[in-house]
Amino acid sequence: MAGLELLSDQGYRLDGRKASELRKVQARMSVFAQADGSAYLEQGNTKALAVVYGPHETRGSRSKSLHDRAVINCQYSMATFSTAERKRRPHGDRKSSEMSLHLKQTFEAAVLTELYPRSQIDIYVKILQADGGNYSACVNAATLALVDAGIPMRDYVCACTAGFVEDTPLADLCHAEESGGGTALALALLPRSGNIALLQMDARLHQDHLDALIEAAMTACKGVSKVLDGVVRQHLEEVSVLTRD
Amino acid sequence: MEGPIMIKTEKVLHLNSSKGRKVRVVREHYVREQVPCGSSLCQADCLNDGKVLSGDVTHYVVPDVGVVRDFLEILEFRELQGIVFTQTAYQSVQHTRGRRHYNRLRALLKDPRHDCVLFANEFQQYCYCPRDKGESQDKWHTRNVYNAAVWYYNHLAGLQPVVMITEDNDAISEFSALNSGVYVISTREYLLSFWPDLQAAHDLYNSIAQTLQERESEGVEKVYTEHLPAEVLEAGIKSGRYIQGILSVNKHRAQNEAFVRYEGSASKNTELNSDVLINGAKLRNRAVHGDMVVIELLPRNEWKGRTMALTEGQGEEQPLEETQSQPMPSGRVVGILQRNWRDYVVTFPPLEEVQSQSRNSQKILVIPWDYRIPKIRISTQQAEALQDQRVIVRLDSWESTSVYPSGHCVRVLGKAGELETEIQTILLENCIHVPPFSEAQMCYYKKMPVNTEENRWQMASSEVSSRRDLRDTHLVFSIDPKGCEDVDDTLSVRTLPGGKRLELGVHIADVTYFVREGSLTDLEARSRATTYYLADRRYDMLPAVLSADLCSLLGGVDRYAMSVLWELDAETLDVCTVWYGRTLIRSSYQLHYELAQSLLNGEEVEVPELSQLKGSQRDQKLAKLLQALETLTRVARHLRAQRDKGGALELEGVEVRAQLDEEKNITALVPKQPLEVHETVAECMIYANHWVARKIQESFPHQALLRHHPPPKQDFFNHLIDCAKARGFSIDTRSNRALADSLEQAVDPQDPLVNRLLRMMATQAMSNALYFSTGACPEEQYYHYGLALDRYTHFTSPIRRYADVLVHRLLIAAIQLEKEGSLSKPLASNKELEELAQHINNKNRVMKLQDKDSKTDERCVADAVIYAVRANGFLAFIPQYGVKGAVYLKDREGQVVSVDGDGRCEWKAGTLQRYPDRISSCTSTGTHTFYLFSHVTVRISVEPSRCHADSLCLELVSNKPHCPVQPESQPAGRGRSELVQEVVRRAEEASLQAERGRKPKLSREERQFRQSRTPNLYVLLQEISELALLDLSVCQITNTEEQTCTASS
């Protein structure tokens, strides 16, 4: 069997998208009543659930709390049924810890933590189905959950991945494209200011191509931000209709 | 982001996970309304870029998945037009057939000469239908293809009937009546009704269909072990358990010995730096010569040595008494990463054999022309008709249940033994496909300039004004072999006003002006890559109007050129400035080498260009030309001396030139005489190449096309060092400089051949020079070992080599300081083709030689020099013909050669004793020893062969050198005067040899810049070095270029 062809000669990707097209993004906010904020987001077949608690008093040891800003606590986990082969350990493995750390760094850059000194904000994200771009789905879902919780942020944080195949940047990689062995770059963007909250890339890439790749990822993030904005506005409309009477 | 509207669907796949388990995978699948259809009849304004189906065909044909998978070869016929490949079929080929098959389909789709397109039906909203529950994959695929055909018909608003061809009879009955305008028929029916005249396609169809059918009814008894799955192989290679490499079969023991050379570094296993032996067909496990295989090493106690005895190439290989070398790493093939199958030329066995072979089936074992390929099993009913014909066969598969691979017939070449057939065979065996330039191609490329009597080609005035005009200022001339038509290099030299500076100019035909990038001519030239020269014909890279006329820098006409002009200091000859650019030139003299040399020697010769003039005018012109030639020689000597300081090598080979009579028959083979003017021209060309390489490398550090020659591996020199030791010379191979020096000293005053042979062995040890892109290689690897230059490229023969065309484009871009596109892709395929071209030339030369031999006298006797010793004979080199071959000292009955007092040889019972540098035969009459480099007389005869190329046999006649007084070689009536002449001639030759020793000689790289219509020296040298690289057995086992030589006694 010949290997997968990630980008056909006609410019189609495996799933029928063109190079710069995103997967379908769907989202809902306030899916749980108990939490302060929650959101469910699908980016293609990657499904993520984000729940936010806080800001509240620092739990556990007092020493963790900061006198000038809030502590952000992130926990990332994957459902055992999220991958094709059942996962043994849903959280706490090395990959999950790293992902938690990345999420924490991302949201520390976006949330106005200095408004809540000596307090804590908890963000829990769970991947229900993994099909590539787990980090970006988590960031996007958590953003919506934070908005739902009413925590002030500088901007939406929108994340998207981009890969590089046959000299063409591909936006929003699916699992097959991610595992195809090419370069993958994850980028979290504050779209209005154009500031980058987090940028991560493990594989090798020629320096000449980096700008093009980042450019593609940023365009994709801006596309995601439009979708998120639409979701928030629609949610507000629904809520205001409910609360009006 | 307002993109086109896409609808998200999902499809479920069942894949094998890395651990071998079945996994259910859900993939997204986006479908859309706008998918380009790729037809010029499109009514819906599809965004069709790239290839578009023509509208003026009678119908479009949509092949089903099974048809594309199994009958792709039929769809490759250019006569079949308007083919719409569906994505369904395309992907199915990708998944079920190997990469080669898939790449062929891709190439087909890219080829602008083929009227076919790919339609992405699965991404089309109205074409795609999801798989139903319980539906088999084949059915689903067929349904999708049919839907695509219907959509296509409707999309084109019924302007073109659509025919779907399928091998699935259910589909025909199910779909054929559903839609008018969309016809569903079988492939056979399609060919019969639409292409009744295309006999070749019908034959091919029958052949493939029969093979498929036979495969289904195959037995189940396993002959070979199964190959391991790809994942296991990959993991094994990574962990070091398995080794990956290219299999090469020993030509002389094709059934038993094959070797695998490591790819990449074998750093983990330093003790295994040699090749790995694969002994026997079982262990080789269905791998064919050239395949990329994965092997596992056998335990040490099962290691075997390679056979050292010379064997007969044909017939069954009876187990000889074990004369083996040291046990070497041995292994077995566990899997094949990539098949490297090509088209093979085969011959059918004689009729009686066929009948005994096939009692109950039509299966026939045919014998490939190439010894290294196993017999191929094909099914055909035409066995009788194909007797004595050479046939092209393609391999289909090699199941573990079958002893031989199965294949099918593709085309009949012609009767075996006929010259035309044999040449075709050689071309095909080297994967060279050279159809004549088609009329359509010529027409398609509308701007193709014409130059006929009525319609003379004129230079465009814009070009005249933009180019530097050298027509009146410079004396330009060319030096080429006699009768050369494609002149692509000319020279000029003059003293600049003031006398302090010299100006040397090299002017190369400006091919890129005529061959625009991406044009059809360009594409064709790229796929041909080079011009092939055979002894009596030439396959041009460019159409004749360009190669022999408009691009060719003929004498007395205005031509476009690319020039490099150096200003040199008149005294020290150092370069002051260099100028590159496009120019206009008019070559004043079209000289040939012999003429130029005679001029230089001060002989009275007629220059054709001056024959019209008379008196003082003529003398004046002649003096001017002579002065230019002398200056040129001086400059070239200086350049050569400079390179010699750096350690440039001079290598040796024999150039045989075929003399043709009027009917283009070969009348004689003459070794070519080297002249100093050859070197002069070559040196200037090297210089131009070097400076162009510098220029483009500076302008495009990451994408310049250069040529490097990696230093050879030290162990390849072992044979050379050992041989030299036998004669008391020591060869230092630590650097190219040291090697050149020690070769220079290794001269036996009695026997100039010794030095030639040593140089030839050194050539064998060399690696091949390669093209590369500067971006792909670190800077220290740019070095050219043979020429001792830090940067080198090919610039001077754009008419004959495609690489030069690329370099020209780069240089133009560099001059304009513009950024050129992605020219930097390494030209691997180009390189391969080049190698093949050399191969072919040599093969052809051998064939001609045999041809000649068999025509003139069946048995001729010649002088030979022993250059390697084997267990039951030695390898000899015949300088007269440039032929190498094996000479047996032991025949099949175990008798050995004995030498009596006056040097005659007889077969007698006795034994052979082999030493590193000599071999002794002991018989009742005494012991005789043959030393390395000693001269013997051998008789050459031709061993005719049914299936393969005829081979040469060498038979020992005497242990004395073959000299003119030897009675066998001289006709009885030969007079004394003739003998005197003969002696004089030999003396002349000897002095010439001595002279050559003193003069700086050409190195291998330089010689190629000479153009000749006959196989030239460069070709031979390349061939030798290629053999040293490719045929692993060559280094130690045999160095013959020919097929095995058999002793006929």
Side-chain angles (χ1 to χ4, degrees), chain A residues 1-6 8-26 42-47 81-86 129-133 158 160 166-167 171-177 179 181 191 206-208 219-227 229-230, chain B residues 1-4 6-11 13-19 21-32 35-36 38 47-51 87 90-91 93-103 105-106 109-110 117-120 122-125 128 229-230 338 702 775 822:
Chain A
M1 178 178 129
L4 284 177
E5 191 182 44
L6 294 181
S8 77
D9 295 335
Q10 293 189 312
Y12 289 105
R13 288 155 69 174
L14 285 173
D15 50 11
R17 286 182 288 155
K18 296 277 177 75
S20 63
E21 288 172 349
L22 298 179
R23 291 180 288 177
K24 188 170 185 166
V25 181
Q26 289 170 299
E42 284 184 17
Q43 196 161 354
N45 275 342
T46 305
K47 294 163 188 171
F81 48 82
S82 61
T83 48
E85 281 183 309
R86 197 177 154 81
Q129 187 175 338
D131 189 32
C158 302
C160 200
E166 285 167 20
D167 292 347
D172 198 7
L173 304 180
C174 70
H175 176 69
E177 287 166 336
S179 53
H206 196 282
Q207 192 185 341
D208 295 357
T219 320
C221 288
K222 284 174 186 157
V224 171
S225 89
K226 277 192 189 149
V227 179
D229 195 46
Chain B
M1 261 200 39
E2 282 303 306
M6 295 189 295
I7 296 176
K8 182 189 159 185
T9 58
E10 284 182 353
K11 61 178 176 185
L13 303 169
H14 292 274
L15 300 176
N16 289 326
S17 79
S18 54
K19 286 166 194 152
R21 245 178 292 166
K22 282 258 181 208
V23 188
R24 190 184 130 105
V25 174
V26 182
R27 280 220 189 117
E28 288 171 279
H29 189 85
Y30 290 91
V31 292
R32 60 184 82 212
V35 172
L47 294 165
N48 288 320
D49 45 353
K51 242 169 98 177
Q87 185 194 6
Y90 184 75
Q91 285 178 344
V93 166
Q94 188 185 1
H95 293 308
T96 53
R97 301 297 300 263
R99 183 172 288 278
R100 276 171 58 77
H101 206 82
Y102 174 60
N103 283 342
L105 179 55
R106 274 181 71 170
L109 285 163
K110 277 193 191 136
V117 290
L118 178 65
F119 169 53
E122 296 201 357
F123 299 143
Q124 217 301 327
Q125 194 177 333
Y128 177 69
Q338 200 181 335
H702 294 304
S822 58

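Below, read A as the first sequence line, B as the second, and so on, with proteins coming before strands; counting in each chain starts at 1.
Taking 4.0 Å as the cut-off between side-chain N and carboxylate O, A/K24 and A/E42 do not count as a salt-bridged pair. Salt-bridge check for A/D9 with B/R106: passed, with a basic side-chain N closer than 4.0 Å to an acidic carboxylate O.
Contacts between B/F123 and chain A at a heavy-atom distance below 4.5 Å involve the side chain alone, from C-beta outward. Interface remark: A/R23 contributes backbone and side-chain atoms alike to the contact with chain B (heavy atom separation under 4.5 Å). No part of A/K222 comes within reach of chain B, as not one of its non-hydrogen atoms sits under 4.5 angstrom from that chain. Both the backbone and the side chain of B/V35 come within less than 4.5 Å of a heavy atom of chain A.
Listed for the B/T9 side chain is a donor-acceptor partner under 3.5 Å among the backbone atoms of B/H29.
Looking at B/K8 and A/N45, their side chains do bring a donor and an acceptor atom within 3.5 Å of each other.
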